[in-house]
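To start, the structure itself, in structure tokens.
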Amino acid sequence: MDDFKEITAGNKPFKKAYVAIMLWFVGRAIQAAARVDKDVKKEFEKLPDGFTFCLGVLPRGPYMIVGKNEKGRVKYMGWKPDGKRIDLDMKIKNIEAAILMFTFQESTAAASARNRMIVDGEVPYVCAIVRVLDIGEVYLLPKFIARLAVKRYPAWSFGRKYIGRVRIYFRSILGY
Amino acid sequence: MYLSGYYEFCCRVKMIAGHDALEKIPGALAQLHAGRPLIITDKGVSGAGLVDTVVDAIKDGIDIGAMADDVPQDSSVKVVNHLADVYRDNNCDSIVAVGGGSVMDTAKGVNIVVSENADDLMKFSGVGVLKKALKPLLVIPTTSGTGSEVTLAAVIKDHERHLKMAFASYFLLPDVAILDSRMTLTLPPFLTASTAMDAMAHAVEAYTGLAKNPMSDANAIAAISLISSNLLNVIKTPSDREGRLALANGATLAGAAFSNSLVGVVHALGHATGSVCGVPHGVCMSILLPYGLEYNMHKRAHFTGELLLPLAGAEVYVGTPKHLRAEGTVAYIRKMNQNMHDATDGRHARFFEEVKDRDGRRMVPREKLEDIAEAALDDGSIVYNPEECDYEDFLMIIRAAWEGAPLDRSLIKGV
Ligand SMILES: [Fe+2]
């Protein structure tokens with residue numbers, strides 16, 4: 001039951017549940033994009049094996065953890081940071097700010113400019129993960145929303161964008 | 001005036017500025033219940049006689065605990081830990097830092113170690129580690145540039161582990177910053193030029209960046225105005241005390257702006273050029289600032305255009321049609337660089353190809369530009385830049401800045 005407490009406890013269960021679902025999806029999508037997209041692959045290649053990254057909401061979640069295992073494979077590692085060694089920790093200061101971000105009313109860049117996040121970890125990691133999250137958003141969201149979330153909507157080929165999108169959706173849902 | 005929806009701003013540093021500000025140090029320390037400072041400085045500063053000036057100004061009112069002038073060019077963990085021992089061995093109760101960015105960063109590091117009663121600085125890196133106020137810290141900048149006197153960060157190198165540790169906390173803000181014209185009077189013209197352009201870049205990038213807000217905007221505008229209207233005069237007449245004090249104020253104001261609103265592509269590429277080729281930070285800033293503005297112009301033309309007022313004054317601003325003001329700002333900064341180049345017999349570089357080291361060797365070989373673009377991708381400043389910057393973008397900017405040709409804005413992605 002402990003696993004669900006984080007989501008249902010507190011006085012904003014629906015907001016927390018929404019953010020939890022989004023985080024779950026983003027985590028799985030990063031895992032998928034690391035197999036499908038050449039730029040995401042490259043970003044993770046530069047990160048050390050065993051690297052872990054946690055994105056979550058203060059004070060008590062929800063969270064999601066993505067990491068690279070010893071063999072260099074990128075994996076979604078669940079929603080519980082407890083006991084895990086985290087190399088890059090990005091925490092959104094409160095659930096309201098998380099809602100702004102995950103309903104795409106506020107871009108990732110604007111959120112960081114407005115001090116919405118507490119980031120702990122080495123700066124090159126931050127830069128790499130911000131790029132990964134941006135690419136993920138371009139895959140997952142329709143253009144009219146993604147344009148609000150990223151600084152510059154990329155000019156990708158048809159194949160990269162649409163075929164990549166289908167592959168990432170499938171992989172995210174099926175989890176491989 | 002631009003109003004950001006939500007922002008945070010903090011600059012709780014007491015300022016004491018004037019031609020006789022040093023004499024106020026004993027009183028400022030007494031207010032903080034301290035009276036036995038460790039003075040931290042470097043050989044360059046003490047060799048220039050600046051520490052003597054400070055000591056002469058304060059020795060009657062105060063009991064100096066100890067003096068350490070062995071801060072190296074680059075701050076280092078070892079030095080910090082050593083100076084913490086000096087502090088404790090001499091029963092000091094406060095720190096007075098006299099110098100540039102690396103002296104101030106070192107002093108912030110020492111302050112962490114002595115206040116936390118620790119033996120090693122490295123235990124305190126990261127966010128939120130510091131929980132309580134530190135010992136009183138007074139800083140006296142001897143260059144008008146970095147703005148470290150009002151920033152909450154310190155970067156200290158661990159040479160053994162080849163790491164650059166970043167410390168950030170509101171507790172690292174100095175208690176008092178002292179700006180005294182005597183401290184910068186002897187700064188040579190070409191260093192005055194590049195350090196002031198670092199401050200200029202802080203103000204301009206804070207004003208045109210994503211984290212701009214009314215508080216930092218006000219600081220940035222005042223900084224730009226003071227620097228722009230005094231810099232060339234001071235370079236031509238280094239003994240101009242009023243001008244020196246104006247530049248010192250400008251650098252501090254710019255520091256308050258960027259400490260809260262951060263910087264962008266100019267600093268990202270500048271840090272990378274510094275680490276790949278060893279070019280001094282201010283030199284990188286002078287060269288890159290117009291390019292950064294050009295790169296972001298399709299998103300920030302309005303704000304860039306507004307800067308023509310503090311840069312060039314009311315007449316030029318009003319006389320320039322609105323749609324030409326942003327380009328006017330860029331052209332004005334290029335003209336400043338040209339004027340400083342002329343006034344320093346060419347020592348102030350306008351583009352990277354002409355940057356030379358002390359022995360006259362070219363510091364930025366063309367084949368290093370790819371490495372610079374690659375290194376810039378790891379710099380945190382890009383997060384706050386209005387436009388995305390990938391490897392190709394960085395390479396395009398650094399190539400133009402190497403040759404000295406204006407950026408071909410039609411090649412910028414997304415324009
Ligand atoms: Fe700077």
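- For the set A/P154, A/C127, A/A128, the entry with the most heavy-atom pairs within less than 4.5 Å of chain B is A/C127.
- Within a 6.0 Å sphere centred on NZ of B/K78, other residues, nucleotides and ligands contribute 12 heavy atoms or fewer.
- When the heavy atoms of residues 291-303 of chain B are compared with those of chain A, the residues falling under 4.5 Å are B/Y295, B/K299, listed by number.
- Atom CZ of A/R165 is surrounded by more than 12 heavy atoms from other residues, nucleotides or ligands within 6.0 Å.
- Only the backbone of B/D379 comes within less than 4.5 Å of a heavy atom of chain A; no side-chain atom from C-beta onward does.
- Within 6.0 Å of the NZ atom in B/K132, the count of heavy atoms belonging to other residues, nucleotides or ligands exceeds 12.
- A distance of 10.0 Å separates SG in B/C389 from CZ in A/R131, rounded to the nearest 0.5 Å.
- For B/Y7, no part lies near chain A; criterion is any non-hydrogen pair under 4.5 Å.
- Residue B/L377 touches chain A through both its backbone and its side chain, counting heavy-atom pairs closer than 4.5 Å.
- Contacts between A/D134 and chain B at a heavy-atom distance below 4.5 Å involve the side chain alone, from C-beta outward.
- More than 12 heavy atoms of other residues, nucleotides or ligands sit less than 6.0 Å from atom NZ of A/K161.
- No more than 12 heavy atoms of other residues, nucleotides or ligands sit less than 6.0 Å from atom NZ of A/K42.
- Minimum heavy-atom separation, A/A113 to B/A211: O-CB, 3.6 Å.
- Across all their heavy atoms, A/V123 and B/D378 have their closest contact at CG1-O, 3.7 Å.
- The two atoms that bring B/L210 and A/A109 nearest to each other are CD1-CB, 3.6 Å, heavy atoms only.
- Interface remark: B/D393 contributes side-chain atoms only to the contact with chain A (heavy atom separation under 4.5 Å).
- Formation of a donor-acceptor pair under 3.5 Å by the A/K151 side chain with backbone atoms of B/V383 is found in this model.
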